[in-house]
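To find a chain, count down the sequence lines: A is the first, B the second, and so on, and within it residues start at 1. Since the model is a prediction, treat every value here as computed from it, not as a measurement. All heavy atoms count here, side chains included; hydrogens, waters and symmetry mates do not.
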Amino acid sequence: MEKVSLARGTRDFGPAQMAKRSFIIDTIKKVFQQYGFQPLETPAMENLSTLQGKYGEEGDQLLFKILNSGDFLKNVNKKNIEEGNWKMVTGDIAEKGLRYDLTVPFARYVVMNRHEITFPFKRYQIQPVWRADRPQKGRYREFYQCDADVVGTNSLMCEAEIILMIKDAFNKLGILDYTIKVNHRGVLSGLAGLLSAAEKETSLFVAIDKLDKIGEQKVKEELIERGFDAASLPQLFEVLNFTGSTQNKINFLSSKFSNSEIGKKGLNDLNEVLNLLKNFGATDEHVELDLTLARGLSYYTGCIFEVKINRASVGSVSGGGRYDNLTAVFDSKEKSSGVGFSFGIDRLYDAMEELSLFPKETISTSKILIVHLDKESFHYSLKAAQTIRLNGIACEVYPDQTKIKKQMEYADKKNIPFVVVIGSEEIKTNLFTLKKMETGEQSKLTIEQIIKSIK
RNA sequence: GCGGGCAUAGCUCAGUUGGUUAGAGCAUCAGAUUGUGAUUCUGAGGGUCGUGGGUUCGAGCCCCAUUGCUCGCCCCA
């Protein structure tokens, strides 16, 4: 036999896994629809020009590129090949790539269809994305994202609704122990202001993001290494180490940000989101202001979200935020504000599996298998099957004429709960043997009675 | 891009300082049971020990290389 295998970082989803994945996807989809989001699908592949330059240099490296069809060498600059300048060659031999996330294709769609779209536009999108990353635990090269975004409004109600949708979805999925971490780009800038490090914001954010992972001492070392003034660090950590409720944190920060307009704006936004949450009749349970939350794509300009399932080892299962100028990368005149977030369902799956949160009855099979004993009863069983199906009960007939044992085994392995036995005796009397597989009990019933008892 | 670990039956894994014919459990198939699954009993099939080289009288085991998988780092869902 030829050795067959999967491409690295990809997975098959068998029936048992699909049942669980569908449970997650259907649940999330229902929540999105409940809040007025409409579905969108975009192609798996986009022009490379659409994708490149949107995710930073690192992101460009992680793009899967699609080799041009036909003679892909005809446009290659030979000098680039001779000099081993592979990055330049890439552009000559590939003009398409697999999508890296769902947000950029969405922005492309909005720009292309702005005249048809009714704003504010709320769309959800559940599709696979691809990254040429090195796979490891909870990290795949092909994985699904479930995005919901609103474009064309600055209302902070959207931020509040994102929190509500996360709560709704997790509640329905049975995930109870989780934390929705929120932060604000303005607050981060305010922090940078404390260090007078406005021009080194990014390296500050990257460093403090690691705080819970590598600890205060290591972060300090990294900051000093990156050229921050050691004398100003105590001020920063006084703020980062402040503990208290989200409201307390906001109040404390206000006193620190008296000189930072952008910092104050961030705090006001967060305050407003919390207020709106109250107006929705919801609490800020599970919501936590995390000043070290800084990761994610650099295009966020307002609130930032990230969701962690506590006691699960998969990292964040959802993330998002507001971006003021996403569509501007495709058209500088187009500056619609957008806000959105995404569930990583592969990680949700892993976390739910780890915590045994899947309901037992997620696998769907036929309710009835019709077992037949000879040619005549096989033919008879086809009509019976249709009658049962037309009454809304999933039913199948074993396709081959074979030993009853074999047919029963099939029902057992497929977890089909009922078996109907049809033989010459049954056809004569019009009473069929209904066997409940779980208990093994049997009774003789008409087809109508069988339908009634199972429905 | 950098570092660690692993690779033996379809799956999960044993395999003694290197020593005859490489094992177990599960799964598969057949029979016990020709109108009854899961449970029980009996039997059978299934292996180029990832690949290539080296050391040795002798390699699943030691050495080198290579490929694949896996776990971390960077980054990310």
Side-chain angles (χ1 to χ4, degrees), chain A residues 1 3-11 24 28 55-63 86-87 99-103 126-147 202-203 205-207 209-210 213-214 218 222 294-298 305-309 312-321 340-351 369-374 377 398 401-427 432-442 444:
Chain A
M1 189 173 71
K3 249 191 198 171
V4 289
S5 62
L6 287 166
R8 154 180 278 206
T10 66
R11 296 143 305 150
I24 296 174
I28 291 171
Y55 310 106
E57 201 177 322
E58 194 98 25
D60 280 355
Q61 298 259 27
L62 298 179
L63 284 173
W86 58 276
K87 282 188 187 173
R99 76 167 98 75
Y100 179 91
D101 71 357
L102 300 178
T103 311
I126 303 177
Q127 289 190 275
V129 303
W130 294 268
R131 294 182 191 180
D133 222 349
R134 184 141 188 183
Q136 51 190 274
K137 189 168 187 169
R139 173 180 286 183
Y140 308 100
R141 292 183 134 181
E142 177 185 63
F143 61 98
Y144 273 65
Q145 290 192 326
C146 305
D147 275 35
T202 308
S203 50
F205 301 159
V206 169
D209 183 67
K210 297 178 192 165
K213 208 169 181 179
I214 63 175
K218 287 262 168 68
E222 184 167 336
R295 54 196 332 180
L297 303 170
S298 46
F305 306 96
E306 183 171 289
V307 183
K308 283 239 167 86
I309 297 178
S313 58
V314 291
S316 75
V317 294
S318 176
F341 75 114
S342 178
F343 288 111
I345 74 158
D346 305 84
R347 283 188 177 178
L348 275 174
Y349 181 104
D350 290 348
L369 175 77
I370 300 185
V371 166
H372 42 84
L373 303 177
D374 53 35
S377 45
Y398 196 84
Q401 285 172 47
T402 180
K403 280 184 283 191
I404 188 167
K405 178 185 165 93
K406 184 117 183 163
Q407 301 186 54
M408 298 293 289
E409 263 174 12
Y410 177 80
D412 183 54
K413 279 179 190 155
K414 266 191 87 178
N415 260 317
I416 297 173
F418 296 97
V419 162
V420 170
V421 181
I422 299 185
S424 52
E425 185 79 6
E426 280 80 356
I427 297 175
F432 303 88
T433 305
L434 175 69
K435 175 165 183 165
K436 188 172 186 185
M437 293 299 274
E438 199 188 340
T439 59
E441 63 182 299
Q442 301 192 162
K444 292 253 181 180

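- Residue order along RNA chain B, read from the 5' end via each residue's closest nucleotide, puts A:Met437 first among A:Gly344 and A:Met437.
- By the 5.5 Å and 30° criteria, A:Phe143 is stacked with the base of B:A77.
- Side-chain atoms of A:Asp147 and A:Thr103 form a donor-acceptor pair, as typed in the model, at a separation below 3.5 Å.
- Not a single donor-acceptor contact under 3.5 angstrom links the side-chain atoms of A:Gln407 to the base of B:U36.
- Side-chain to base pairing of A:Arg139 with B:C76: one donor and one acceptor N or O lie within less than 3.5 Å of each other.
- Put simply, A:Arg8 has a side-chain N or O that comes within less than 4.0 Å of OP1 or OP2 on B:C69.
- Contact annotation for A:Phe343: no contact, since no heavy-atom pair falls under 4.0 Å across all strands.
- Checking B:G18 for Watson-Crick or G-U wobble geometry (two distances, each under 3.5 Å) identifies no partner in any strand.
- Look at A:Lys403 and you'll find a side-chain N or O under 4.0 angstrom from OP1 or OP2 of B:G31.
- Aromatic ring centres of A:Tyr55 and A:Tyr100 lie closer together than 6.0 Å.
- At the heavy-atom level, A:Ser342 lies nowhere under 4.0 Å from the strands shown.
- Side chains of A:Asp133 and A:Tyr140: no donor on one and acceptor on the other come within 3.5 Å.
- Across the interface with RNA chain B, nearest-nucleotide mapping of A:Lys406 and A:Gly423 shows A:Lys406 to be the residue nearer the 5′ end.
- Comparing the C1' positions of B:U70 and B:U28 gives an interatomic distance of 28 Å, to the nearest angstrom.
- Across all strands shown, B:C73 forms a Watson-Crick or G-U wobble pair with B:G1, both key distances being under 3.5 Å.
- An OP1 or OP2 oxygen of B:U36 is reached within less than 4.0 angstrom by no side-chain nitrogen or oxygen of A:Lys436.
- Among the atoms of the strands shown, none is found under 4.0 Å from any heavy atom of A:Glu441.
- For B:A59, there is no paired base (Watson-Crick or G-U wobble, both distances below 3.5 Å).
- The separation of B:A24 from B:U66, taken at their C1' atoms, amounts to 32 Å, rounded to a whole angstrom.
- Scanning atom types as modelled, no donor and acceptor separated by under 3.5 angstrom connect the side chain of A:Glu58 and the base of B:G1.
- Ion pairing between a basic and an acidic side chain is recognised when a charged N comes within 4.0 Å of a carboxylate O; A:Asp346 and A:Arg11 show such pairing.
- Nucleic acid contact for A:Gln136: base, since at least one base atom lies under 4.0 Å from a heavy atom of the residue.
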